[in-house]
Amino acid sequence: MSEVSIAGNSLVSVRNLKKYFPVKSGLIKRQTGSVKAVDDVSFEIQKGNVLGIVGESGCGKSTLGRTMLRLIEPTEGDVEYEGKNVYQMSKREINHMRTKMQIIFQDPYSSLNPRLPIYEIVGEAMVQHGIVKNKKEMKEKAIEIIMKCGLFPEQIERYPHQFSGGQRQRICIARALAVNPEFIVCDEAVSALDVSIQSQIINLLKDAQEDFGLTYLFISHDLSVVKFISDEVAVMYLGQIVEKGIKNDIFTNPLHPYTEALLSAVPSFDPESHQNKRRIILKGDIPSPANPPKGCRFHTRCSYTKDVCKEEVPRYTEMSSGHFAMCHKVNGVF
């Protein structure tokens with residue numbers, strides 16, 4: 001597989017990353033197959049940038065983010081952070097790396113300890129990593145971070161169930177920022193929130209990026225949100241990145257038929273553009289990652305399908321600087 005990347009000052013580099021989950025059956029639970037959640041993915045994220053990952057549910061977006069952080073062990077491949085291989089680090093090294101690489105989960109309630117007040121939720125990692133010397137200093141720093149995330153000092157003694165969904169996500173963001181990270185995976189960080197609250201959380205993430213010099217991997221199925229926050233966009237389908245490029249290139253000149261279909265589904269509030277917009281309806285459902293189609297994985301739903309698509313895996317083709325697509329049509333095969 002060709003590497004999908006843009007040369008430059010990359011903070012995170014992903015090389016041929018794979019994550020397969022075993023499928024077991026029978027009385028003795030013998031492995032009979034594998035779910036190819038992430039299958040040979042490569043890309044880079046430049047320092048200070050936001051890479052948006054989009055695609056249908058089940059395409060492997062969240063698994064990709066968690067495998068990059070080594071919350072899930074990979075099947076194959078490498079992830080480098082500032083040139084250091086994350087998968088070759090010792091327990092001590094990876095524990096230190098946790099302060100550099102953080103994650104904001106999709107469901108803020110299930111990711112918060114219901115038995116702890118929020119200042120302890122935010123501050124416990126600071127104690128564990130030796131960022132603060134005592135509980136008093138921890139509480140002071142936790143209050144400072146909580147206030148930066150839009151909550152009030154009088155709320156620090158409250159528990160997660162006493163907050164709304166948007167407030168809980170602010171707590172999760174504060175917890176991630178507490179250890180002074182450089183890279184954060186935002187795993188559907190706004191998808192469970194109301195639209196009005198989504199905009200507040202997105203603005204909070206943008207402000208935090210500017211204040212702390214953060215780099216994001218922003219996972220979402222909401223293309224309008226991705227368009228607002230991202231510098232680059234990668235489109236995933238069935239465990240693979242089928243297109244990647246600068247945001248404006250992806251949204252104005254999509255190369256892959258799957259990207260075209262996704263963009264055609266984005267609602268428009270401009271009556272004229274909505275009238276002229278051609279809606280692309282994909283056939284059928286996304287195939288099983290345990291048994292992906294031969295050749296191009298999208299050929300079972302693509303309106304441009306030819307015989308070559310059913311037999312040969314397409315290669316990545318760079319159509320313009322940093323704009324790649326994995327498609328026989330783009331390759332000029334037909």
Strictly by modelled atom types, are Asp39 and Tyr20 linked by a side-chain donor-acceptor pair under 3.5 Å?
yes

Residues in side-chain hydrogen bond (donor to acceptor under 3.5 Å, both in side chains) contact with Ser34, at least two apart in sequence or another chain
Gln31

OG1 of Thr63 to NZ of Lys36, rounded to nearest 0.5 Å, is 15.5 Å

Taking C-beta and beyond as the side chain, do Arg297 and Gln240 meet within less than 4.5 Å on heavy atoms?
yes

Donor-acceptor contact below 3.5 Å, side chain Thr99 vs main chain Val179:
no

Rounded to the nearest 0.5 Å, what separates atom NE2 in His323 from atom CG in Asn248?
11.0 Å

Taking atom CG as the centre, does Asp285 end up with more than 12 heavy-atom neighbours from other residues, nucleotides or ligands that are less than 6.0 angstrom away?
no

Return each pair, listed once, that meets salt bridge (charged side-chain N to carboxylate O under 4.0 Å, His left out) where at least one residue sits in residues 89-107; pairs must be two or more places apart or across chains.
Lys100-Glu182

Could you tell me whether the side chains of Ser62 and Gln106 share a donor-acceptor contact shorter than 3.5 Å?
no

For Gln46 and Ser10, test the side chains for any donor-to-acceptor distance below 3.5 angstrom and give the result as yes or no.
no

Enumerate the residue pairs fulfilling ring-ring contact (aromatic ring centres under 6.0 Å, His included) with a member in residues 217-244, sequence neighbours excluded, ordered by first and then second residue.
Tyr237-Tyr258, Tyr237-Phe298

Is there a donor-acceptor pair under 3.5 Å between the side chain of Ser230 and the backbone N or O of Lys227?
no

Side chain to side chain, Ile143 and Met147, heavy atoms closer than 4.5 Å
yes

Below 4.0 angstrom, N of the basic side chain to O of the carboxylate: do Glu311 and Lys294 qualify?
yes

Evaluate the side-chain proximity of Gln167 to Gln155: yes if any heavy-atom separation is below 4.5 Å, no if none is.
yes

If you take all heavy atoms of Pro289 and Val35, which pair is closest and at what distance?
CG-CG1, 3.7 Å

I'd like to check the salt bridge (charged side-chain N to carboxylate O under 4.0 Å, His left out) partners of Glu76; sequence neighbours left out, ordered by chain and number.
Lys18

Before giving the answer on side-chain hydrogen bond (donor to acceptor under 3.5 Å, both in side chains), spell out for Gln102 and Arg175 the whole-Å C-alpha distance, their side-chain angles and the decisive distance to 0.1 Å.
CA-CA 9 Å; Gln102 282 288 307; Arg175 179 179 59 184; over 6 Å; no

How about Pro257 and Ser303: do any of their side-chain heavy atoms sit closer than 4.5 Å?
no

Between Phe21 and Lys19, is there a cation-pi geometry (under 6.0 Å to ring centre, at most 45° from the normal)?
yes

Heavy-atom side-chain contact between Ile118 and Tyr159 under 4.5 Å:
no

Ser220 and Asp222 side chains, donor-acceptor separation under 3.5 Å
no

Same cluster or not: Ile219 versus Met68, using hydrophobic residues (I, L, V, M, F, W, Y) connected whenever any side-chain heavy atoms lie under 4.5 Å apart?
yes

Is the number of heavy atoms from other residues, nucleotides or ligands within 6.0 Å of NZ (Lys47) greater than 12?
no

Taking the side chain from Ser264 and the backbone from Arg279, do they hold a donor-acceptor pair closer than 3.5 Å?
no

Within the structure provided, determine whether Val235 and His256 are in side-chain contact (heavy-atom separation under 4.5 Å).
no

Would you give the length of the straight line joining atom CD1 of Ile53 to atom NZ of Lys61, rounded to the nearest 0.5 angstrom?
9.5 Å

Contacts of Glu137 meeting salt bridge (charged side-chain N to carboxylate O under 4.0 Å, His left out) (sequence neighbours excluded), chain-then-number -> none

With a 4.5 Å cut-off on side-chain heavy atoms, are Phe43 and Glu232 touching?
no

According to a 4.5 Å side-chain heavy-atom criterion applied to Ile, Leu, Val, Met, Phe, Trp and Tyr, with indirect links allowed, do Val308 and Val330 form part of one hydrophobic cluster?
no

Side-chain donor/acceptor of Asn331 to backbone N/O of Cys327, under 3.5 Å
yes

Calculate, to the nearest 0.5 Å, the distance between atoms CG and CG belonging to Asp207 and Leu214 respectively.
11.0 Å

Taken to the nearest 0.5 Å, the spacing of Leu263 CG from Phe251 CZ works out to 6.0 Å

Please check if Ile173 and Tyr109 belong to a single hydrophobic cluster, counting links between Ile, Leu, Val, Met, Phe, Trp and Tyr side chain heavy atoms closer than 4.5 Å.
no

Take Arg301 and Glu56 through the salt bridge (charged side-chain N to carboxylate O under 4.0 Å, His left out) test and state the conclusion after the steps.
CA-CA 13 Å; Arg301 307 172 71 193; Glu56 291 172 284; 2.9 Å; yes

Looking only at atom types and distance, does a side-chain atom of Asn203 sit under 3.5 Å from a main-chain N or O of Ser199, one as donor and one as acceptor?
yes

How far does CD1 of Ile121 sit from CD1 of Ile156, to the nearest 0.5 angstrom?
12.0 Å

Identify whether the distance between the nearest side-chain nitrogen and carboxylate oxygen of Arg15 and Glu80 falls below 4.0 Å.
no

Could you tell me if the side chain of Cys149 sits less than 4.5 Å from the side chain of Leu177, heavy atoms only?
yes

Might you point out which heavy atoms bring Pro293 and Cys296 nearest each other, and give the distance in Å?
CB-O, 4.4 Å

Can a donor-acceptor pair be found, under 3.5 Å and without considering hydrogens, that links the side chain of Arg170 to the backbone of Leu151?
no

Please evaluate residues Leu51 and Tyr216 with respect to the criterion side chain to side chain contact (heavy atoms under 4.5 Å, CB included), reporting the C-alpha separation (whole Å), side-chain torsions for both, the decisive distance (0.1 Å), and the verdict.
CA-CA 6 Å; Leu51 173 63; Tyr216 290 141; over 6 Å; no

Ile171 reachable from Ile146 in the ILVMFWY side-chain graph, under 4.5 Å edges:
yes

For Pro74, is there any backbone N or O sitting under 3.5 Å from a side-chain donor or acceptor partner on Thr67?
no

Test of understanding: with side-chain hydrogen bond (donor to acceptor under 3.5 Å, both in side chains), list the residues that count as partners of Glu144, not counting sequence neighbours.
none

State plainly whether one hydrophobic cluster holds both Val54 and Val242, where clusters connect Ile, Leu, Val, Met, Phe, Trp and Tyr through side-chain heavy atoms under 4.5 angstrom apart.
yes

Salt bridge flag under 4.0 Å for residues Asp231 and Lys247:
no

